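Chain letters run A, B, ... following the sequence lines, proteins first and then strands; every chain starts at 1. On a predicted model such as this, the values are computed, not experimentally measured, just so you know.
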Amino acid sequence: MADTNLALPVERSTVAPYKILFLVMAIVLLVAAPWFFYPIFLMKVLCFALFAAAFNLLLGYTGLLSFGHAAFFGGAAYFTSHAVTVWSWRPELGLLFGVAGAAALGLVIGFLAIRRKGIYFGMITLALAQMFYFFCLQAPFTHGEDGIQGVPRGNLFGVIPLGDTLNMYFFVLAVFLIGLFAIYRIVHSPFGMIVKAIRENENRAISLGYSVGAYKLAIFVMSAALTGLAGGAKALVFQFATLNDVTWQMSGEVILMALLGGIGTLIGPLVGATLVVTLQTYLATSVFPVTIVMGLTFMVCVLTFRRGVVGEFYHSRTGRGLTQKDGD
Amino acid sequence: MVLIFGIPLQALLGQLLVGLINGSFYAMLSLGLAVIFGLLRIINFAHGALYMLGAFVGYLLLVYFSIGFWPSLILAPLAVGLFGIIIERVALSRLYDLDHLYGLLFTFGLALVIEGTFRYYFGASGQPYAMPALLSSGTNLGFMFLPNYRVFIVVASLVVCIATWFLIEKTRLGAYLRAATENPTLVRVFGINVPLLLTVTYGLGAALAGLAGILAAPIYQVSPLMGTNIVIVVFAVVVVGGMGSIGGAIIMGYMLGIFEGLTKVFYPEASNIVIFVIMAIVLLIRPAGLFGKIT
């Protein structure tokens, strides 16, 4: 997309000591969190944060807006649930099965969608995800409207019982950190650089001899697989998989998370997901419908702060002061 | 009983008619979507919500002001068109210089708000809307019963589609519109008010969606969710037809509606997804859509 002007912040490397300090603090906080907050809520936040980060890998770093990521999220939830419930697989294997399923689905949808760019790409992913939704509605293994209920959490590696909430929390936290580390590695690898080059100027990338299609498909499949990791983990946390996770509203939700937090930043989607999940939890007890609030947030976000919370911070004077000290 | 491919003729013709009716709505909606996209370069995700809004304007006019179907046929598109104009002036006009994705995201939020609001006040269930007395009967063709209202929908949508096509392809205003699509700056230099053209275009597209909504009210129920899924089908129709092509949007609207109807006869399980499958196949063979040009 040569004419793209998405409000993407230029990434600057932070002063290294700050970075490590920040990381250590974040991990300490996350480890201590279940003693201060409701663990199920925290696990939900972690799953959606990973989902949003995986989605952002595609939109933020490749410039491809997928409107069909719910298919990978909800699809993986079904695959994992089916594996651990019907085939009695161990949770980690069930999770891997979910990831593999989401990746396979991503390969098919991505193969078709990368044939068009920009806005068409969004519409095509939306339509294909909707097709998957109707498939889930009718396929026998998903149990239609009922979904897969009573998914057992089982024993991790056959020894650690995940029925215990704390064990489950640390398992989800580990999954989350592994997923995030993978995203970090992808973004900062030579492969990630080429993907970003494609985002900036696709024609030039082609002229430099890169097979743009293959790179796009690869990053699409990676994003789908990581989304699957989040979806499978969510199914194990809540012990069910339903149609709700494959709807296009869910695809919209993850876009909102990334947009609200900051597209193209590493932390943005995590902040966005935390905000949205907190908002949903808060509004769940009131009569006021969540969709209206979500829609309004979308509109305000697009009209006023397109960089998102984190993106605006990076762009602000303090943010720039913090990130420009090592002078690049 | 006459059988065709082992299917009773009545069932076949019945589903064909249902398909044609659905196709009429697909055509009207994808036409509006194509017109808006052609000039504004915005994918109007709120199109389904505007369609629902048209039906609700008719319903509310009937309930609170006892205004019947025929006046509503004019008033509902006008109201929805006016709403569209306000939205364009207040918000969309600020997004033209940005990536097109932001237009899609804004209208997505708008759709959530409109649908959420109506769902909040009217619940998720549908409200019945009486058919106009003039068209409530039907004609017996001997081999099948043909409800008059359904014939009216097909005729009305054909008239609307052809009129819009004529307006854009054959009139002076249409020529301005097409020129503004090609090169807005140059058209402004010639003294044509392009921002006004953009506003009018969005209003026109919204009015088309509103008209489809009020036409749909008597046969489908008036429900806050009626536009939710149709908009995605219409997206697929537009991708198959080729995004920039108005004629393609109209033709594919009818054809895919009929295709969907036929699938209901031969393989009902796939009727929900047949349009998406066709879209996937078209993308493999002709990525620009059947009537589109590669840009």
Less than 4.5 Å to any heavy atom of chain B: does that hold for the side chain of A/Y133, its backbone, both, or neither? neither

Side chain proximity check, A/V302 to B/L95, heavy atoms < 4.5 angstrom: yes

CZ on B/R119 to OG1 on A/T291, rounded to 0.5 Å: 7.0 Å

Out of B/R94, B/E115, B/M279, B/R41, return the one with the most heavy atom pairs under 4.5 angstrom to chain A. B/M279

If I compare all heavy atoms of A/M123 with all of B/I43, which pair ends up nearest, and what's the gap? SD-CD1, 3.3 Å

Please evaluate residues A/F298 and B/F106 with respect to the criterion ring pair (Phe, Tyr, Trp, His ring centres under 6.0 Å), reporting the C-alpha separation (whole Å), side-chain torsions for both, the decisive distance (0.1 Å), and the verdict. CA-CA 6 Å; A/F298 243 115; B/F106 178 84; 9.5 Å; no

Check whether A/R115 reaches the backbone of B/L284 with its side chain - one donor and one acceptor, N or O, closer than 3.5 Å. yes

Going by heavy atoms in the side chains, are A/M131 and B/N272 under 4.5 Å from each other? no

Which atom of B/L283 lies closest to which atom of A/I124, heavy atoms considered: CD1-CG2, 3.5 Å

Do you know which of B/V238, B/L104, B/I275, B/T228 has the most heavy-atom pairs under 4.5 Å to chain A? B/T228

Gap separating the CZ atom of B/F108 from the CE atom of A/M299, nearest 0.5 angstrom: 12.5 Å

Does a sphere of radius 6.0 Å around CZ in A/F141 hold more than 12 heavy atoms from other residues, nucleotides or ligands, not counting ones at 6.0 Å or beyond? yes

Side chain, backbone, both or neither: which part of A/L296 has a non-hydrogen atom closer than 4.5 Å to chain B? both

Applying a strict 4.5 Å limit to non-hydrogen atoms, the region of B/T107 in contact with chain A is neither

Most contact-rich option vs chain B, by heavy-atom pairs under 4.5 angstrom, among A/G122, A/A113, A/G295, is A/G295

Considering non-hydrogen atoms only, spot the tightest contact between B/A236 and A/A127 and give its length. CB-CB, 4.4 Å

Assess whether ring pair (Phe, Tyr, Trp, His ring centres under 6.0 Å) is satisfied between A/F67 and B/F45, documenting all intermediate values. CA-CA 12 Å; A/F67 228 112; B/F45 212 117; 5.2 Å; yes

Supply the atom-to-atom distance B/L105 CG to A/R306 CZ, rounded to the nearest 0.5 angstrom. 11.0 Å

Ranked by heavy-atom pairs below 4.5 Å to chain A, first place among B/I114, B/I232, B/I273, B/V239 goes to B/I232

For A/L128 against B/A280, the heavy-atom pair lying closest together: CD2-CB, 4.3 Å

Got a second to check how far B/F276's CZ is from A/L126's CG, nearest 0.5 Å? 7.5 Å

Please classify the contact of B/V233 with chain A as side chain, backbone, both or neither, using a heavy-atom distance under 4.5 Å. neither

Distance (rounded to the nearest 0.5 Å) between A/T125 OG1 and B/F235 CZ: 10.5 Å

